[in-house]
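Remarks on the structure that follows.
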Amino acid sequence: MISLLAFVIIILLIIQDLILNLLLTFNFKSYIQPREVRFPKISILIPARNEAHNLPSCLEALDQLRYPKDSLQIILGNDNSEDSTGDILKDWSKKRSNVSYLEIVGAPNNKMNGKANALNQMCEEASGDLYLFTDADCQIGPEWASSMVEAWNKQKPGVVTGITTVFEKGVFARFQALDWWLTLGMVKIMDDLGIAVTSMGNNMLISRSAYNAVGGFAGIPFSLTEDFEMAKQVKKNGFDCIHLVGPKNLILTKGQVSFEDLMAQRKRWMSGAMALPWVWKLLLGLQVFFFPAMLYFVFLFPFEGIFIWLMKVLIQGLFIYRFAFKTGIKLKWHDLLLFEIYYALISWSTIVYYFWPSKTKWKGRKY
């Protein structure tokens with residue numbers, strides 16, 4: 001009975017990875033269209049808490065942004081930082097007429113987490129028809145805003161989610177990037193099937209009408225993953241959500257520097273994942289339980305088991321490689337092969353850490 005269950009899990013995951021590759025080939029929606037000569041007023045919102053070391057690259061990228069200045073508003077929020085974040089943001093904003101600096105007041109409560117509290121106050125100052133969100137530890141490309149707006153122009157959805165990857169050097173960072181490519185690839189496939197699941201706060205566009213319809217960040221239920229909850233509520237209010245993947249809207253973010261930091265990040269993400277529909281939980285469950293099932297099968301049938309495992313790694317690697325290539329990124333195949341070890345370790349460590357009786361650490365705060 002155990003052998004049969006293990007075999008079923010293994011086969012189902014391989015079938016899943018084959019289907020992901022097929023859908024990536026035949027159902028990928030690029031939302032590319034001839035550029036319309038229309039640039040609605042947009043507000044870019046970037047909250048920052050103790051990000052002094054990340055701000056130089058973030059602000060430099062903002063200076064390279066190609067979007068009409070008279071249709072662009074940038075709001076920078078200092079969320080009770082304990083380093084020089086406030087001074088850096090204040091000095092940078094004074095030199096630019098379309099940039100506003102905001103000191104965030106108040107603290108997280110049972111209605112909003114710290115970031116949601118900051119974004120809620122920043123949105124009150126926003127004058128754009130569209131709100132674009134990213135983080136202080138991210139680097140946007142010159143065409144980021146215009147590509148997100150171009151996708152919005154085509155269908156007028158409530159939310160446009162972009163694509164983000166970890167860009168730092170080192171094996172640990174590269175494996176984190178592969179994890180992002182795999183997860184976001186699955187999100188994109190589901191989204192193109194009409195099953196919108198989530199959004200990412202570091203690469204997200206929300207129309208003013210959709211934002212107001214849900215009452216802003218103050219109007220959505222408390223969540224440690226406010227971007228996930230926002231997308232969920234926008235969808236519930238009848239707005240479409242789309243996932244844009246391409247080289248122009250790719251954002252680079254910094255990876256976690258330690259295993260402990262990575263576990264804290266994933267524990268927060270898991271709080272959002274637990275609210276996913278059952279179909280998504282089933283897909284994620286297959287990913288997690290594949291590893292013990294595969295080890296059991298290899299123990300019983302070493303040669304056949306290793307062959308099947310290698311086949312799964314190659315099919316999964318093909319999907320990750322092809323999805324990343326949609327943004328112009330070429331991954332290294334030896335990383336894709338070794339990623340399986342990292343993925344098994346991180347998946348099970350995340351489950352243990354999520355249920356471990358400890359608070360979630362995020363930006364110097366505990367929840």
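For this chain, numbers begin at 1 and follow the sequence in order.
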What's the spacing between Leu314 CG and Met311 CE if we round to 0.5 Å? 9.0 Å
Between Tyr211 and Phe217, does a ring-ring contact (aromatic ring centres under 6.0 Å, His included) hold up when you go through it step by step? CA-CA 8 Å; Tyr211 183 83; Phe217 286 100; 5.7 Å; yes
Are the side chain of Thr225 and the backbone of Asp227 linked by a donor-acceptor contact shorter than 3.5 Å? no
Give a yes or no answer on whether the side chain of Lys29 reaches the backbone of Asp192 with a donor-acceptor pair at less than 3.5 Å. yes
Let me confirm one number: the CH2-CG distance from Trp144 to Leu244, rounded to the nearest 0.5 Å. 11.5 Å
Under 3.5 Å, is there a donor-acceptor pair between the side chain of Arg49 and the main chain of Asn80? yes
Can you confirm whether the side chains of Arg38 and Asn153 place a donor and an acceptor under 3.5 Å from each other? yes
Leu205 versus Phe133: any side-chain heavy-atom pair under 4.5 Å? no
Could you walk me through whether Glu229 and Gln233 satisfy the side chain to side chain donor-acceptor pair (under 3.5 Å) test, starting with their C-alpha distance in whole Å, then the side-chain angles of each, then the deciding distance to 0.1 Å, before giving a yes or no? CA-CA 6 Å; Glu229 190 60 41; Gln233 295 302 319; 2.7 Å; yes
Look up atom CG in Leu286 and atom CG in Leu13, then write down how far apart they are to the nearest 0.5 Å. 6.0 Å
Report yes or no: is the cationic atom of Lys94 (NZ for Lys, CZ for Arg) under 6.0 Å from the centre of the six-membered ring of Tyr101, at an angle within 45° of the ring normal? no
Mutual orientation of the aromatic rings belonging to Phe289 and Trp348 [parallel < 30°, tilted 30-60°, perpendicular > 60°]: perpendicular
Pair Asn78, Ser81: side-chain N/O donor-acceptor within cut-off below 3.5 Å: yes
Quick one: are the ring centres of Phe325 and Trp181 less than 6.0 Å apart? no
Suppose the criterion is salt bridge (Lys or Arg N to Asp or Glu O under 4.0 Å): which pairs have a residue in residues 334-359, not counting sequence neighbours? Arg174-Asp335, Lys312-Glu340
Counting N and O atoms only, with roles assigned by atom type, does the side chain of Lys188 sit under 3.5 Å from a partner on the main chain of His243, one being a donor and the other an acceptor? yes
Connected to Leu22, directly or through other members, by ILVMFWY side-chain contacts below 4.5 Å are Phe26
Is there a side chain to side chain contact (heavy atoms under 4.5 Å, CB included) between Ile341 and Phe175 once you walk through the steps? CA-CA 10 Å; Ile341 302 172; Phe175 283 158; over 6 Å; no
Short side-chain donor-acceptor distance under 3.5 Å, Ser43 and Arg208: no
Not counting sequence neighbours, which residues clear ring-ring contact (aromatic ring centres under 6.0 Å, His included) with Phe7? List them please. Phe297
Check this for me, if you would: do Arg266 and Asp261 make a salt bridge, where the nitrogen-to-carboxylate-oxygen distance has to be below 4.0 angstrom? no
Would you say the side-chain atoms of Asn113 and Glu226 include a donor-acceptor pair closer than 3.5 Å? yes
Going by atom type alone, with no hydrogens or angles, which donor-acceptor pairs under 3.5 Å involve a side-chain atom of residues 123-130 and a protein atom two or more places apart or on another chain?
residue: Ser127; atom: OG; partner: Lys41; partner atom: NZ; Å: 3.0
residue: Ser127; atom: OG; partner: Gln73; partner atom: OE1; Å: 3.2

Tell me if a side-chain donor or acceptor on Arg268 pairs with a main-chain N or O of Ala264 at a distance below 3.5 Å. no
Can you list, pair by pair, the side-chain donor-acceptor contacts under 3.5 Å of residues 134-141, counting residues two or more places apart and other chains?
residue: Thr134; atom: OG1; partner: Asn202; partner atom: O; Å: 2.8
residue: Asp135; atom: OD1; partner: Lys115; partner atom: NZ; Å: 2.9
residue: Asp135; atom: OD2; partner: Lys115; partner atom: NZ; Å: 3.4

Trp152 ring centre to Lys154 NZ or CZ under 6.0 Å, with the angle to the axis within 45°? no
About how many Å separate CG of Leu102 and CG of Leu45, when rounded to the nearest 0.5 Å? 9.5 Å
Give me the atom names and distance for the closest heavy-atom approach of Tyr343 to Asp179. CE1-OD1, 3.7 Å
Side-chain (Asp240) to main-chain (Pro157) donor-acceptor, under 3.5 angstrom: no
Evaluation steps, side chain to side chain contact (heavy atoms under 4.5 Å, CB included), between Leu262 and Thr350: CA-CA 9 Å; Leu262 181 62; Thr350 299; over 6 Å; no
Decide if atom CZ of Phe28 counts as having more than 12 heavy atoms of other residues, nucleotides or ligands within a radius under 6.0 Å. yes
Looking just at side-chain N and O atoms, do Glu51 and Asn54 make a donor-acceptor pair shorter than 3.5 Å? yes
Could you tell me which residues satisfy ring-ring contact (aromatic ring centres under 6.0 Å, His included) with Trp180, sequence neighbours excluded, listed by chain and number? Trp269
